Engineer: 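Sharing a structure here in structure tokens format.
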Amino acid sequence: MTQADRDRLERLNSMLKRRGIILPAFEIHGGAAGMYDFGPLGGRLRNKVNQIWLNHWLSQGDIVEISCPTVTPFSVLEASGHVGEFSDFVISCLACEQASRADHLLEDIHPNPDSLSMEELANEIASKNPACPDCGAVEWGQIEAQNLMFSTTLGAGSSGRQAFIRPETAQGMFTNFPALYRHFRQRLPFGAVQVGKGYRNEISPRQGMIRLREFNMAELEYFIDPEENSKHDFSKWSTMKFNLVPDSSDTINTTIPQALDDGIIRHPSVAWFMASTAELLFHMGIDASKLRFRQHESTEMAHYASDCWDAEILGSYGWIECVGIAHRGCYDLEAHENYTGQRLRAWRDWPEPVQSKRTLVTIDGSTAGPAFRSQAGAVKEALEKMDAPPTTYPFKLTLSDSSIVEIQQEHVKIEDIDETINGEWFTPHVVEPAFGIDRIIWHLLDHAWNEEEKNGEQYSVLSLSPSVAPIDAAVLPLMEKDGMDELALNLHASLCSMNGIQSSHDASGSIGRRYARADEVGIPWCITIDHQSLDDGTATVRRRDDQKQIRCKIEDITLHIRDGKMNSLFE
RNA sequence: GCGGGUGUGGUGAAGUGGUAUCACCUGAGGUUUCCAACCUCAUGUCGUGGGUUCAAUUCCCGCCACCCGCACCA
């Protein structure tokens, strides 16, 4: 970063703070690193970005929105792998209160203490009794997981259950898989999204809003059948070229369908989400020339992922990863299924049912039951495990507890079973686009903020897309007399009463100053009420981006603002 | 986490062992009336906690935050 860039960044941050867009959190208490407040303008900006994001995906028709708690029981995040990946286990010496890493205590005792679960560590410490490295005592308290996830307790005191505040929203989509599968009437593909906060206790939050301890995320999990060719319509993007940075070569400039055909993007659903993500980012106001997609190296990719592309946006801090689009395979559903024993699968009908014949060897309960009594269950198990049906009777059968019993023919039932199998249960694969909302908001602001020179003075304009601008229009009475102010206040009130529209009323200072104030926070339209407005119900509209003015009927202005079609007035 | 730098009204700065000055911004009144005009008045500051001192915004120490390296990190 050059000194000029640094200075610009400083001026931008000071504007964001001064105008109530983004401010350091809890500042009157000295602040808290890695946390920001969205102020009176920023709060609305964030909400509009979230809404656009939601509408974009929900409009697909096969994607639904859910919302899950941020406080998440320990087991959920242990199943997902976060406890192992994100945590260290800490245990305190009851004698000297010094906290130690539990796995470090077992270093000389256990070959690989790093791999142990929390319970295993507790058991190992209880049985091996390592001494406290500080005071030598052997009295250990409760083991606790600690580190990048914020730890908390569900319930009070010692009966409380350990939990974390979620490090990502994704797990809620996985734990809700059965409800989602049912909602979509058991038919893939489908997706679920969640917009909300995520928390990571970063060692060192840096770079403004780029690395936060509490952050806004928006994640989509799209569940697909790995054996069915995903059909996606790429026609919208057949000519639009993107900068792609594949794992094995230099940046290429090509279309997404082409990269898919060339095998650079490895899965059609990943490609489709890349294209759709780009469209969404452009709609919000990201500069198209400052977007690229970078493929994860196979070494940096999480072990379960088969392809992962980051959408990176160029801003004051360089290329920053703002969206990750990962093909996660069946990892997550399988992990929760293995941990809980609940079925997290979808059913696939085969094109043709399969007939299968098999021979079932089991006990005849009516004879074997009385004969073997309490051993009957074990006999059944052993019989069913036999490689081939018995041919001679009686014969000796070894049970799982090594005891040997003699089996008569009357104890055995042999059945030939004809089965028709119509399909199978399988674990769906998932493609996950995960958005860092704060990082996107930062880049929207960074790209939109332009410093210009105007009549020898520094002049700054925030050219936010009207789709995200916190304030839709400013109403400016040229003078506060002769009824102009009243007319302006009425217009202001009627604009604010429209769904989703916010206006600002500003009557102080010269008109030029008021335009400047509006430009600085990105208000796209200024409506000026003057003498003529009183006579014929018209007003002037000034367009932020080229300062062009037109005059038209006030009713037309409000209707066009409501419909987001103001530009058409200028044509 | 380590090393370096920085914290003075909303913003940007000046300054001091004896409670702080300036510009812009903001607000009120006047004037003007379509791109930061002008006049008068007003609000508002030494990041935080401790120490030294008769007295600390100033000196010392801790903490917090921000910036820059390094390290760590989906």
Side-chain angles (χ1 to χ4, degrees), chain A residues 1-3 5-7 9-20 23-36 39 80-82 85-86 88 147-149 167-168 170 198 200-208 210-213 215 217 219 296 300-305 308 310 316-317 320-326 328 432 434-436 439 452-461 474 476-482 484 506-520 526-533 539-544 546-551:
Chain A
M1 205 188 290
T2 65
Q3 189 58 45
D5 292 337
R6 255 175 243 157
D7 293 346
L9 196 52
E10 213 163 280
R11 291 193 300 276
L12 172 54
N13 276 322
S14 111
M15 184 280 285
L16 293 173
K17 185 175 164 187
R18 179 164 40 83
R19 296 305 306 267
L23 315 85
F26 310 117
E27 206 188 11
I28 62 168
H29 284 270
M35 302 197 194
Y36 277 87
S80 70
H82 284 88
E85 247 182 81
F86 275 74
D88 293 331
N147 213 355
L148 283 183
M149 291 192 289
E168 58 171 38
R200 296 180 191 177
N201 204 356
E202 295 286 350
I203 296 167
S204 115
R206 282 293 174 87
Q207 298 178 301
I210 303 298
R211 170 156 310 168
L212 299 171
R213 291 200 167 120
F215 50 98
M217 46 194 340
E219 295 185 296
H296 279 208
E300 104 185 83
M301 207 143 52
H303 62 280
Y304 48 77
C308 184
D310 289 341
S316 295
Y317 299 105
I320 297 291
E321 166 193 353
C322 295
V323 184
I325 300 168
R328 296 174 65 96
E432 175 193 84
F435 287 64
R439 291 181 174 187
E452 298 155 15
E453 185 111 331
K454 192 164 168 183
N455 304 325
E457 263 194 273
Q458 190 157 292
Y459 194 92
S460 80
V461 179
L476 316 173
L478 197 56
M479 282 164 285
E480 286 187 280
K481 59 182 181 189
D482 303 334
M484 278 180 265
D506 185 356
S508 92
S510 73
I511 193 71
R513 171 183 297 281
R514 285 180 269 166
Y515 287 150
R517 277 201 281 247
D519 285 345
E520 189 176 40
C526 287
I527 305 165
T528 304
I529 303 295
D530 56 16
H531 281 104
Q532 195 182 332
S533 311
T540 59
V541 180
R542 171 188 179 273
R543 181 158 63 186
R544 176 195 66 203
D546 58 2
Q547 310 185 357
K548 203 172 154 189
Q549 290 194 19
I550 54 153
R551 173 173 284 277

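This structure is a prediction, so every number in the text was calculated from the model and none was measured. Numbered from 1 within each chain, the chains take letters A, B, ... in sequence-line order.
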Engineer: From the set rU33(B), rG27(B), rG12(B), return the single nucleotide nearest to any side-chain atom of Met479(A).
Structural biologist: rU33(B)

Engineer: Give one of base, sugar-phosphate or nothing for Asp519(A), where a contact means two heavy atoms less than 4.0 Å apart.
Structural biologist: nothing

Engineer: Who does rG1(B) pair with, Watson-Crick or G-U, both distances under 3.5 Å?
Structural biologist: rC70(B)

Engineer: Rounded to the nearest 0.5 Å, what separates atom CZ in Arg211(A) from atom CD in Gln207(A)?
Structural biologist: 7.0 Å

Engineer: Among rC35(B), rG27(B), rU33(B), which nucleotide has an atom closest to any side-chain atom of Arg542(A)?
Structural biologist: rC35(B)

Engineer: Measuring from the side chain of Leu478(A) (C-beta onward, heavy atoms only), which nucleotide among rA74(B), rG12(B), rU33(B) has the closest atom?
Structural biologist: rU33(B)

Engineer: Now, which nucleotide makes the Watson-Crick or G-U wobble pair with rC38(B), with each of the two distances under 3.5 Å?
Structural biologist: rG30(B)

Engineer: Can you tell me the pairing partner of rC25(B) across any strand shown, Watson-Crick or G-U wobble, with both distances under 3.5 angstrom?
Structural biologist: none

Engineer: Within the pair Lys17(A) and rG10(B), is there a side-chain N or O less than 4.0 Å away from OP1 or OP2?
Structural biologist: no

Engineer: Check whether any side-chain N or O of Arg513(A) sits under 4.0 Å from OP1 or OP2 of rC25(B), and answer yes or no.
Structural biologist: yes

Engineer: Choosing from rG27(B), rC68(B), rC35(B), which nucleotide comes nearest the side chain of Arg6(A)?
Structural biologist: rC68(B)

Engineer: Counting only side-chain heavy atoms from C-beta out, which of rG12(B), rC35(B), rA37(B) sits nearest to Ser14(A)?
Structural biologist: rG12(B)

Engineer: Categorize Glu168(A) for me: base, sugar-phosphate, or nothing, with a 4.0 angstrom heavy-atom threshold over every strand shown.
Structural biologist: nothing

Engineer: Could you classify rU19(B) for me, syn or anti, using a glycosidic angle within 90° of 0 as syn?
Structural biologist: syn

Engineer: With rounding to whole Å, what would you report as the distance between rU32(B) and rG18(B) at their C1' atoms?
Structural biologist: 47 Å

Engineer: C1' atom, rU57(B) versus rU6(B): distance in rounded Å?
Structural biologist: 16 Å

Engineer: Roughly how many Å apart are rA20(B) and rA13(B), using the C1' atom of each and rounding to a whole number?
Structural biologist: 14 Å

Engineer: Both distances below 3.5 Å, Watson-Crick or wobble geometry, any strand: find the nucleotide opposite rA65(B).
Structural biologist: rU6(B)

Engineer: For Thr540(A), report the nucleic acid contact type (base, sugar-phosphate, nothing); a contact means any heavy atom under 4.0 Å.
Structural biologist: base

Engineer: Verify the contact: side-chain N or O of Ser510(A) to OP1 or OP2 of rA37(B), cut-off strictly under 4.0 Å; return yes or no.
Structural biologist: yes

Engineer: Of the nucleotides rG27(B), rU26(B), rC34(B), which one has an atom closest to the side chain of Arg517(A)?
Structural biologist: rU26(B)

Engineer: Could you grab the distance from atom CG of Asp310(A) to atom CD1 of Ile320(A), nearest 0.5 Å is fine?
Structural biologist: 11.0 Å

Engineer: Between P on rA74(B) and CG on Leu212(A), what's the gap in Å once rounded to a whole number?
Structural biologist: 17 Å

Engineer: To the nearest angstrom, how far is Glu520(A) atom CD from rU11(B) atom P?
Structural biologist: 13 Å

Engineer: Roughly how far apart, to the nearest Å, are rU43(B) and rG1(B) at atom C1'?
Structural biologist: 44 Å

Engineer: Expressed as a whole number of angstroms, how long is the span from Asp506(A):CG to rG27(B):P?
Structural biologist: 8 Å

Engineer: Roughly how far apart, to the nearest Å, are rC64(B) and rC54(B) at atom P?
Structural biologist: 31 Å

Engineer: Go ahead and name the base partner of rU52(B); Watson-Crick or wobble counts if both distances stay under 3.5 Å, otherwise write none.
Structural biologist: none

Engineer: Look at the side chain of Arg18(A) and decide which nucleotide, out of rC67(B), rC35(B), rU11(B), has an atom nearest to it.
Structural biologist: rU11(B)

Engineer: Could you pull out the closest heavy-atom pair between Met217(A) and Arg200(A), with the gap in Å?
Structural biologist: CE-NH2, 4.5 Å

Engineer: Base, sugar-phosphate alone, or nothing: which one does Gly208(A) contact when heavy atoms must sit under 4.0 Å apart?
Structural biologist: sugar-phosphate

Engineer: Under the salt bridge (Lys or Arg N to Asp or Glu O under 4.0 Å) criterion, do Asp519(A) and Arg542(A) qualify, and how do the steps go?
Structural biologist: CA-CA 11 Å; Asp519(A) 285 345; Arg542(A) 171 188 179 273; 2.8 Å; yes

Engineer: Respond yes when some side-chain nitrogen or oxygen of Ser508(A) is under 4.0 Å from OP1 or OP2 of rG27(B), and no when none is.
Structural biologist: yes

Engineer: Between Phe215(A) and Gln458(A), which is nearer to the 5' end of RNA chain B once each is assigned its nearest nucleotide?
Structural biologist: Gln458(A)

Engineer: Do the side chain of Gln549(A) and the main chain of Thr540(A) share a donor and acceptor less than 3.5 angstrom apart?
Structural biologist: no

Engineer: Looking at every strand, decide which applies to Glu27(A) at a 4.0 Å heavy-atom threshold: base, sugar-phosphate, or nothing.
Structural biologist: nothing

Engineer: Judged by each residue's nearest nucleotide on RNA chain B, which is more toward the 5′ side, Arg211(A) or Ile28(A)?
Structural biologist: Ile28(A)

Engineer: Looking at every heavy atom in both Ala539(A) and Thr528(A), which two are closest together, and how far apart are they?
Structural biologist: CB-O, 3.4 Å

Engineer: If you look at every strand shown and take non-hydrogen atoms under 4.0 Å, does Arg543(A) touch a base, only sugar-phosphate, or nothing?
Structural biologist: nothing

Engineer: Return the nearest nucleotide to the side chain of Lys481(A); candidates are rU33(B), rA37(B), rC34(B).
Structural biologist: rU33(B)

Engineer: Name the nucleic acid region contacted by Lys454(A), choosing base, sugar-phosphate or nothing; use a 4.0 angstrom heavy-atom cut-off, strictly under.
Structural biologist: base

Engineer: Given side chains that start at C-beta, do those of Glu321(A) and Arg439(A) come closer than 4.5 Å, heavy atoms only?
Structural biologist: yes

Engineer: Checking contacts here: which listed nucleotide (rC35(B), rU11(B), rC66(B)) is nearest the side-chain heavy atoms of Tyr515(A)?
Structural biologist: rC35(B)

Engineer: In whole Å, measure the gap between the C1' atoms of rA28(B) and rG44(B) for me.
Structural biologist: 15 Å

Engineer: Choosing from rA65(B), rC35(B), rA37(B), which nucleotide comes nearest the side chain of Tyr459(A)?
Structural biologist: rC35(B)

Engineer: Taking only the C1' atom of each, what is the distance from rU8(B) to rC22(B) in whole angstrom?
Structural biologist: 13 Å

Engineer: Roughly how far apart, to the nearest Å, are rU11(B) and rU45(B) at atom P?
Structural biologist: 12 Å

Engineer: Apply side chain to side chain contact (heavy atoms under 4.5 Å, CB included) to the pair Asp7(A) and Arg11(A), showing each step before the final yes or no.
Structural biologist: CA-CA 6 Å; Asp7(A) 293 346; Arg11(A) 291 193 300 276; 3.6 Å; yes

Engineer: Ignoring hydrogens and angles, does a donor from either the side chain of Arg200(A) or the base of rA74(B) sit under 3.5 Å from an acceptor on the other?
Structural biologist: yes

